[in-house]
Amino acid sequence: MLAIISPLMRIVEIPMLALQRLLGMNRLAWVFLAPNLILFGLFAFLPVILNVAYATTGGSNVLLADRPDVGLRNFATLTDCGSVLDPNSCREDKFWRAVWNTTWFVTLQVGFMVGFALLTAIILNRDIRARGFFRAVFFFPVLLSPVVVALIWKWILQREGVLNAFLDWAGPGGFNWLVDANWAFTWSVFISVWAHMGFYTLILLAGLQAIPRDVYEAATMDRASPWRAFRKITLPLLAPTMLVVLVLALIKGVQTFDEIYAFTGGGPGTATTFIIQYIYEEGFAGAPRLFGLAAAASLMVAFVLVILTLIQLWVNRRNVDG
Amino acid sequence: MTSVNQGGTTVTKFNLAAVSAAATGLALVAGAASAQEIRFMCYSDGNECEVYDDVLDRFEAENEGVTVVVDVVPYQAILENLPVQLAAGSGPDMAKVTDLGGLTQFYLDLSPYVDSAYWEASFGDTLDWYRGAEGGDAIYGMHSQLTITGAFVNATLFEQAGVDMPADDATWEEWAEASRAVAEATDTPFPMAIDRTGHRVGGPAISYGAAIVSEDGTPTLSDEGFAAFVEQFVAWNEDGTMARDVWAGQGGATYQDAAQEFINGELVFYYSGSWQVGRMDEQVGDFFDWQVVGSPCGPAGLCSGMPGGAGIVGFEQTEHPEAVAAVIDFLAQEDIYAEVAARTRNLPAHLGVAEAGVEFEGASPAAAAALSAFAADLADVAPAAFRYQGYAGNRAMFGITAERVSQAIVGELTVEQAVTRMASDLEAALAEQN
């Protein structure tokens with residue numbers, strides 16, 4: 001093997017030595033970093049710059065060069081409101097409906113998901129029968145594609161779906177779940193919790209397992225009740241993991257799009273239209289394609305996500321610093 | 001598409017390699033000099049692309065050196081990807097499109113390459129649909145499928161309910177009343193349904209007095225006639241006359257039809273269009289009797305449906321404009337057009353073919369009667385409906401209608417608010433449209 005590699009290395013060595021002589025030792029680092037920097041620049045940095053540029057242009061042309069500069073007009077359109085609490089008073093009412101839907105969705109989804117994930121992690125951390133099986137069962141939905149999740153639940157909840165067939169058989173009779181705004185929203189939250197809870201359960205389970213056993217043993221010797229042990233030991237020691245889970249879930253919640261779009265299409269009306277769907281529809285699905293408005297909205301979402309990410313970084317750093 | 005023939009001469013191994021290399025080199029040089037590959041982006045409602053691929057083999061045989069590659073894509077790709085490709089200059093040479101007036105800026109003017117008089121005589125007013133806001137007398141596209149909206153009714157349910165089917169000139173209210181009576185008598189879930197798209201409600205709204213696109217080309221979605229129709233439509237969704245699932249079960253401007261409900265026998269009256277005939281024919285079978293009754297009449301005294309369909313266009317960015325024009329012109333010839341219409345079971349937009357009549361291949365008596373009924377209904381299409389179909393910004397208007405009317409149906413907006421929003425959305429869309 002070495003006999004093959006050595007001559008090959010010698011072929012590379014010659015130009016590298018020449019480069020080193022030309023650039024010097026310190027600058028040579030840039031040569032090694034260049035491929036990654038180029039890829040990062042092309043696929044991460046450049047799109048951000050383009051997004052900012054599009055946000056300041058109008059019209060429906062695709063090419064930036066063909067688009068008129070409109071300054072901050074797109075941002076002004078989005079924020080032109082009598083009261084942001086009342087979407088009907090806003091010029092771009094669909095944006096604010098999507099903002100409020102997302103806010104409610106994230107609040108409920110994250111709350112329920114973190115709560116249920118904690119409960120599940122605590123149960124799965126106990127010495128119960130078939131623990132490995134149950135861990136797999138709770139994690140399984142995470143492996144499913146969002147569209148598959150949406151189609152499974154649509155199949156269950158549609159007018160002639162499995163749930164209504166059961167309700168018809170059991171007596172109370174079926175209900176048109178996906179045509180009623182409140183029910184469609186409720187089921188969207190439920191499905192999202194069902195699909196993602198396993199991931200957070202796994203993180204919390206790892207956090208629980210990192211808590212030293214002897215602390216619980218000491219509590220037992222001091223005759224502390226299980227509830228007191230949970231409040232005084234588990235929760236405080238799990239708090240750093242909980243914070244990470246909370247921030248991750250918040251970021252993921254704000255980005256919700258694919259599974260709910262495939263599940264309800266954002267309806268009925270705009271009841272389950274979230275901010276990412278609004279951006280998609282304005283920029284790519286509607287006519288005319290309002291790339292500028294979509295780019296401006298996406299920058300506003302990015303601002304919120306940056307804040308959430310900074311919180312996560314701060315939490316992580318605090319954990320590392322102890 | 002192309003084939004290579006080899007002779008049967010016996011040669012040595014060395015000679016074979018040398019001859020092959022020389023032949024390949026010559027073929028490449030010759031190919032580069034004469035081969036013209038035309039990429040045709042096509043979507044199918046039924047078997048259209050398959051039939052085009054077949055008839056274009058004949059074109060290739062007649063035009064040595066021109067190869068037409070039919071790229072079959074989903075309809076969504078035509079709506080969403082094609083405009084972006086064209087704007088980026090990387091589109092196909094030709095395509096089958098439905099946003100007829102919305103892509104005018106990219107179309108290749110065929111008039112320098114074809115017999116304009118023949119085209120004007122054969123395709124008449126449909127040529128205007130491709131001219132968009134520009135107008136003029138350029139020839140941009142061949143309308144390959146003429147469609148018209150209209151109603152399918154479940155005749156068996158009417159018979160079972162003992163309710164007489166309303167007359168040919170019956171109004172929307174009369175059909176609603178009859179459909180409700182049938183649904184009640186036969187325990188059918190839904191009396192009526194209209195596909196969820198702004199295009200489909202265009203005809204009924206015009207019959208209620210909406211101008212939509214005035215004679216001077218001004219669009220509006222907020223006049224009295226339009227508001228009256230929206231009010232009635234929302235009321236029918238609220239009282240259960242219309243299948244609420246169709247419009248309330250979706251968000252945004254997403255298209256939703258009710259064909260499956262009709263096919264399942266759960267719907268008495270289904271307002272859709274002529275392109276559904278093949279599907280009804282295949283899927284309803286002898287499950288029940290169905291028929292096409294055209295478009296009901298409205299208070300304005302009109303009984304209009306909406307015309308529409310798809311057409312084949314070339315794009316200006318092609319490197320082979322002459323060949324592209326020749327391909328489209330070939331498809332526009334009366335005998336070829338008639339053959340395609342017959343094999344794809346589409347209503348012809350070619351006036352000569354329409355006049356001669358089309359013997360639809362493999363169509364059952366019910367499907368043939370349905371297609372004839374739709375063809376006869378073309379006479380009732382109001383001028384406003386033709387203007388709406390030809391209006392360059394109609395896709396924006398279709399989307400706005402679907403979104404705002406849905407919001408009124410689910411109670412997010414009142415009818416008045418919805419109509420006001422439609423007006424402001426349209427104003428904003430027109431300001432942004434290039």
Side-chain angles (χ1 to χ4, degrees), chain A residues 57-68 70 73-74 77 87-88 90-94 97-98 101 154 158-160 174 176-182 184 260-274 277-278 280-293, chain B residues 76 79-81 83-89 99 102 105 189-190 196 198 237 243-256 260-261 264 266 393-400 403-414 417-418 420-421 424-425 428-434:
Chain A
T57 59
S60 58
N61 278 321
V62 180
L63 299 179
L64 203 51
D66 300 334
R67 300 175 58 79
V70 296
R73 194 182 73 190
N74 290 320
T77 302
N88 278 340
C90 299
R91 187 165 153 196
E92 195 54 32
D93 64 322
K94 288 182 284 177
R97 285 180 197 280
N101 285 344
K154 203 169 182 175
Q158 64 193 5
R159 188 172 50 80
E160 291 184 323
N176 215 344
W177 306 101
L178 302 181
V179 173
D180 181 272
N182 292 328
I260 304 303
Y261 184 66
F263 178 55
T264 61
T270 58
T272 58
T273 300
F274 301 123
Q277 183 181 339
Y278 169 83
Y280 166 72
E281 287 184 343
E282 290 301 314
F284 302 101
R289 291 178 170 81
L290 303 177
F291 299 113
L293 205 61
Chain B
Q76 208 66 9
L79 287 182
E80 291 178 9
N81 301 1
V84 179
Q85 285 181 7
L86 292 170
D99 186 10
Q105 55 177 315
F190 306 117
R196 186 180 191 268
N237 270 276
R244 198 175 154 84
D245 298 42
V246 183
W247 280 68
Q250 287 292 327
T254 310
Y255 172 76
Q256 178 66 48
Q260 204 53 54
E261 282 78 1
N264 292 347
E266 297 176 305
N394 61 12
R395 257 178 53 75
M397 296 172 78
F398 297 157
I400 290 166
E403 276 185 324
R404 295 306 187 183
V405 172
S406 295
Q407 284 185 280
I409 288 170
V410 302
E412 282 178 6
L413 299 174
T414 63
Q417 284 171 328
T420 308
R421 283 285 179 188
S424 60
D425 286 353
L430 293 175
E432 293 290 344
Q433 198 144 26
N434 296 303

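Treat the numbers as computed from the prediction; the structure is a model and nothing was measured. Chain letters run A, B, ... following the sequence lines, proteins first and then strands; every chain starts at 1.
- Note: Arg404(B) leads Gln256(B), Arg404(B), Arg244(B) in heavy-atom pairs under 4.5 Å with chain A.
- Tyr255(B) is linked by a ring pair (Phe, Tyr, Trp, His ring centres under 6.0 Å) to nothing, counting only residues two or more places apart in sequence or in another chain.
- Residue contact with chain A, scored on non-hydrogen atoms closer than 4.5 Å, involves the side chain of Leu413(B) exclusively.
- Counting heavy-atom pairs under 4.5 Å between each of Asn88(A), Thr272(A), Thr273(A) and chain B puts Asn88(A) at the top.
- Taking the charged nitrogens against the carboxylate oxygens, Lys94(A) and Glu403(B) do have a contact shorter than 4.0 Å, which makes a salt bridge.
- Asp180(A) pairs by the salt bridge (Lys or Arg N to Asp or Glu O under 4.0 Å) definition with nothing, not counting sequence neighbours.
- Only the side chain of Glu261(B) comes within contact range of chain A, with at least one heavy atom under 4.5 Å from a heavy atom of that chain.
- Using a 4.5 Å cut-off between heavy atoms, Asn176(A) contacts chain B through its side chain alone, with no backbone atom that close.
- Of the two parts of Leu178(A), only the backbone, made up of N, CA, C and O, holds a non-hydrogen atom closer than 4.5 Å to a non-hydrogen atom of chain B.
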Inset, instruction - May I have the step-by-step check of side chain to side chain contact (heavy atoms under 4.5 Å, CB included) for Phe291(A) and Asn74(A), ending in yes or no? - result: CA-CA 10 Å; Phe291(A) 299 113; Asn74(A) 290 320; over 6 Å; no
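- The parts of Thr270(A) that come within reach of chain B are both its backbone and its side chain, each placing non-hydrogen atoms under 4.5 angstrom from that chain.
- In terms of non-hydrogen atom pairs under 4.5 Å with chain A, the most contact-rich of Met397(B), Gln250(B), Gln76(B), Arg395(B) is Gln250(B).
- Using a 4.5 Å cut-off between heavy atoms, Phe263(A) makes no contact with chain B at all.
- Chain A forms the most heavy-atom pairs under 4.5 Å with one residue out of Ile409(B), Leu86(B), Val84(B), Asp245(B), and that residue is Asp245(B).
- Without hydrogens or angle criteria, Arg289(A) side chain to Phe284(A) main chain gives a donor-acceptor distance under 3.5 Å.
- Within the 4.5 Å cutoff, side-chain heavy atoms of Tyr278(A) are placed close to those of Leu293(A).
- Within the 4.5 angstrom heavy-atom criterion, only backbone atoms of Arg91(A) (N, CA, C, O) approach chain B.
- A donor-acceptor pair shorter than 3.5 Å can be found between the side chains of Arg196(B) and Ser406(B).
- Across Gly292(A), Gly267(A), Gly269(A), the residue that shares the most heavy-atom pairs under 4.5 angstrom with chain B is Gly269(A).
- Note: Asp93(A) leads Val70(A), Thr77(A), Asp93(A) in heavy-atom pairs under 4.5 Å with chain B.
- Between Glu266(B) and Arg159(A) a salt bridge is recorded (basic side-chain N to carboxylate O distance below 4.0 Å).
- At a 4.5 Å heavy-atom cutoff, the contact between Glu160(A) and chain B is made by side-chain atoms alone.
- When atom types are taken as modelled, the side chain of Asn61(A) and the backbone of Asp66(A) share a donor-acceptor pair closer than 3.5 angstrom.
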